[in-house]
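Just below is one structure, and these are the notes that go with it.
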Amino acid sequence: MKSKSILSILSVVLVFILAACGGSNNEDKGAEKDTSKQNTEESSYTVEHAMGTTTIEKTPEKVVILTNEGTEALLELGVTPVGAVQSWTGDPWYNHIVDEMKDTEVVGLESEVNLEAIAALQPDLIIGNKMRQEEIYEQLSAIAPTVFAEDLRGNWKNNFELYAKAINKEEKGKEVIGAYDSRIADLKEQLGDKLNMKVSMVRFMAGDVRIYQKDSFSGVILEQLGFARPESQDVDEFAIKGATKEQMPLMDGDILFHFTYETGDGAASELEKEWLEDPLFKNLQVAQKGEVYKVDDVIWNTAGGVKAANLMLNDIEDTFLK
């Protein structure tokens with residue numbers, strides 16, 4: 001009998017021990033859940049931008065981008081946007097990015113964003129621009145956390161750094177900029193004395209001819225490389241807009257690059273032909289030396305992003321070094 005009593009007591013004790021262990025395991029699981037929750041909270045980050053401060057709960061997986069240069073930035077950072085504004089030319093994307101944009105939905109234009117299309121994509125993050133979309137910032141913020149760059153200027157790097165921070169890829173962003181800066185330094189060294197050549201740039205648009213200066217997309221890149229510019233273009237301004245034929249001498253230089261913004265009606269191309277065949281243009285020294293080159297408007301001006309910048313450097317290499 002004593003033996004049975006002892007066994008009964010031991011059984012009861014064992015039950016309590018197992019219960020205690022089970023409770024301990026449950027508490028551990030609870031602790032794991034708490035830790036997981038804490039880690040999620042710790043993964044949030046804050047981005048200061050043109051419209052204030054935005055907190056993003058975690059690295060976004062579904063990003064909508066509302067500028068063309070921003071689209072190039074995301075692609076270079078390894079992120080395909082779920083939605084993006086249509087390229088200024090192309091159907092609907094620029095040729096140099098079309099292969100990377102097969103899974104991206106069009107959400108309007110930079111100047112006319114489609115809010116319904118954005119909302120339907122249920123994005124984790126929206127990236128826009130104060131210069132373009134300030135009036136709809138609150139509506140965008142109601143859809144998803146929204147970050148705005150201040151403006152659109154010549155140097156793509158300024159906005160690129162903000163975009164990298166917004167999508168939580170700052171280290172990758174530094175790699176991209178580092179690689180670009182290294183390429184600029186290498187190319188600058190290879191160009192050597194050719195940098196003394198005065199580079200002129202002209203853009204033809206329907207009803208408008210512009211002589212591009214230093215504070216333009218291509219002007220910034222020429223400045224980074226160290227190229228000389230004709231006196232009329234060697235100023236920290238965007239462009240001489242609405243140039244007249246009497247101002248053709250301002251286009252002269254040692255080498256001239258021209259690009260045409262063609263929307264499909266042929267008007268810009270007709271204007272380009274008219275100017276290039278004008279006797280005043282043919283009398284320019286740069287024309288008489290045969291140093292006039294047509295380049296892609298998308299790459300030298302319209303796209304305005306990191307991919308276009310690298311492609312422009314390709315054109316520089318092909319023209320001056322090959």
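Just so you know, these numbers use all the heavy atoms, side chains as well, and skip hydrogens, waters and symmetry mates.
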* Asked: Are E150 and L162 close enough that some pair of their side-chain heavy atoms sits under 4.5 Å apart?
  -> no
* **Candidate list K241, R203, M251, test side chain to side chain contact (heavy atoms under 4.5 Å, CB included), partner V209, passing option** => M251
* Asked: Atom CG in L313, atom CD1 in I184: separation rounded to 0.5 Å?
  -> 4.5 Å
* Asked: Taking E69 for the side chain and V306 for the main chain, is one N or O donor matched with an acceptor at less than 3.5 Å?
  -> no
* Neighbour count above 12 (heavy atom, 6.0 Å) for D91 CG -> no
* Asked: Got a sec: does the NZ of K214 have more than 12 other heavy atoms crowding it under 6.0 Å?
  -> yes
* With a 6.0 Å cut-off on ring centres, are F160 and Y180 close enough? -> no
* Polar side-chain atom of E237 near backbone of A239 as donor-acceptor pair, under 3.5 Å -> no
* Quick one: do V106 and W93 satisfy side chain to side chain contact (heavy atoms under 4.5 Å, CB included)? Show the steps, please. => CA-CA 9 Å; V106 174; W93 315 115; 3.8 Å; yes
* Asked: According to the side-chain hydrogen bond (donor to acceptor under 3.5 Å, both in side chains) rule, which pairs have a member within residues 103-123, sequence neighbours left out?
  -> N68-E110, E110-R132
* To do: Count the heavy atoms belonging to other residues, nucleotides or ligands that lie under 6.0 Å from CD of E61, then report whether that count exceeds 12.
  => no
* To do: Kindly check if the number of other-residue, nucleotide or ligand heavy atoms within 6.0 Å of NZ (K289) is above 12?
  => yes
* To do: Please determine if K273 and E270 form a salt bridge, counting it only when a charged side-chain N lies under 4.0 Å from a carboxylate O.
  => no
* Is the count of non-hydrogen atoms from other residues, nucleotides or ligands lying under 6.0 Å from E317 atom CD greater than 12? -> yes
* For the student: nearest non-hydrogen atoms of A268 and M205, plus distance -> CB-C, 3.8 Å
* Which heavy-atom pair separates G304 from W156 by the least distance, and what is that distance? -> O-CB, 3.6 Å
* **Backbone N/O of W300 and side chain of S218: donor-acceptor pair under 3.5 Å** => yes
* Asked: Where the side chain of Q133 meets the backbone of N129, is there a donor-acceptor pair that is under 3.5 Å apart?
  -> yes
* Asked: Given the rule in the side chain to side chain contact (heavy atoms under 4.5 Å, CB included) test, do L191 and F227 qualify, once you have shown the distances and angles that lead to the verdict?
  -> CA-CA 9 Å; L191 288 166; F227 271 109; 3.8 Å; yes
* Asked: Is the shortest heavy-atom distance from the side chain of E72 to the side chain of H96 under 4.5 Å?
  -> yes
* Looking only at atom types and distance, does a side-chain atom of Q213 sit under 3.5 Å from a main-chain N or O of V235, one as donor and one as acceptor? -> no
* Asked: Can you find a pair of side-chain heavy atoms, one from V220 and one from K157, that are under 4.5 Å apart?
  -> no
* **CD/E48: more than 12 non-hydrogen atoms of other groups inside 6.0 Å** => no
* Polar contact flag, side-chain donor to acceptor under 3.5 angstrom, Y293-E291 -> yes
* Asked: Is it true that L152 and W88 fall in one hydrophobic cluster, defined by side-chain heavy atoms closer than 4.5 Å?
  -> no
* So, does E175 use its side chain to make a donor-acceptor pair with the main chain of A179 at under 3.5 Å? -> no
* Structure fact -> The reported gap from CZ in F259 to OG1 in T302 (rounded to nearest 0.5 angstrom) is 8.5 Å
* To do: May I ask whether Y212 and L225 are part of the same hydrophobic cluster, defined by side-chain heavy atoms of I, L, V, M, F, W, Y residues being less than 4.5 angstrom apart, directly or through others?
  => yes
* Give the intermediate values and the outcome of side chain to side chain donor-acceptor pair (under 3.5 Å) for residues S200 and Q233. => CA-CA 7 Å; S200 179; Q233 301 174 37; 2.7 Å; yes
* Asked: Is a side-chain N or O of T54 found less than 3.5 angstrom from the main chain of V47, in a donor-acceptor match?
  -> no
* Asked: Within a reach of under 6.0 Å around NZ of K245, are more than 12 heavy atoms found that belong to other residues, nucleotides or ligands?
  -> yes
* Which pair of non-hydrogen atoms, one from F217 and one from A309, has the smallest distance, and what is that distance? -> CZ-N, 3.5 Å
* Asked: Are side-chain heavy atoms of W275 and V202 found at a separation under 4.5 Å?
  -> no
* CD (Q190) with more than 12 external heavy atoms under 6.0 Å -> yes
* Asked: So do the side chains of P230 and D254 get within less than 4.5 Å of each other, counting heavy atoms only?
  -> no
* To do: Verify the cluster assignment for M197 and I211: are they in a single hydrophobic cluster under the rule of side-chain heavy atoms below 4.5 Å apart?
  => no
* Asked: Mind checking whether R229 and M201 have side chains closer than 4.5 Å, heavy atoms only?
  -> yes
* Asked: Do the side chain of D151 and the main chain of K130 share a donor and acceptor less than 3.5 angstrom apart?
  -> no
* Report whether I127 and L109 are members of the same hydrophobic cluster (ILVMFWY, side-chain heavy atoms less than 4.5 Å apart, transitive linking). => no
* Transitive ILVMFWY side-chain link L77 to Y94, under 4.5 Å -> yes
* Do L311 and D296 come within less than 4.5 Å of each other through their side chains, counting heavy atoms only? -> no
* Structure fact -> d(L222 CG, Q224 CD) to nearest 0.5 Å is 9.5 Å
* Asked: Which heavy atom in I65 sits nearest to a heavy atom in G70, and how many Å separate them?
  -> CG1-C, 3.5 Å
* Asked: With distance as the sole test, does D278 use its side chain to make a donor-acceptor pair with the main-chain N or O of E274 at under 3.5 Å?
  -> no
* Any chance you could measure K307, atom NZ, to T71, atom OG1, to the nearest 0.5 Å? => 11.0 Å
* Begin with the C-alpha distance, continue with both residues' side-chain angles, and end with the deciding distance and a verdict on side chain to side chain contact (heavy atoms under 4.5 Å, CB included) for E262 and T89. => CA-CA 8 Å; E262 182 57 71; T89 59; over 6 Å; no
* Apart from I143 itself, which Ile, Leu, Val, Met, Phe, Trp or Tyr residues share its cluster (side-chain heavy atoms under 4.5 Å, direct or through members)? -> M51, V64, L66, V82, V85, V107, V113, L115, I118, L121, I126, I136, Y137, L140, F148
* Test salt bridge (charged side-chain N to carboxylate O under 4.0 Å, His left out) applied to D215 - qualifying residues, sequence neighbours left out -> none
* Does a side-chain heavy-atom distance below 4.5 Å link I255 with T319? -> yes
* **Taking every non-hydrogen atom, the tightest pair across Y45 and K165** => CE1-O, 3.4 Å
* Asked: Looking only at heavy atoms, which two atoms of V292 and A287 are closest? And how far apart?
  -> CG2-CA, 3.8 Å
* **Spacing of F204 atom CZ and R210 atom CZ [to the nearest 0.5 Å]** => 13.0 Å
* Asked: What distance separates L125 CG from I56 CD1, expressed to the nearest 0.5 Å?
  -> 4.5 Å
* Give a yes or no answer on whether the side chain of E100 reaches the backbone of E76 with a donor-acceptor pair at less than 3.5 Å. => no
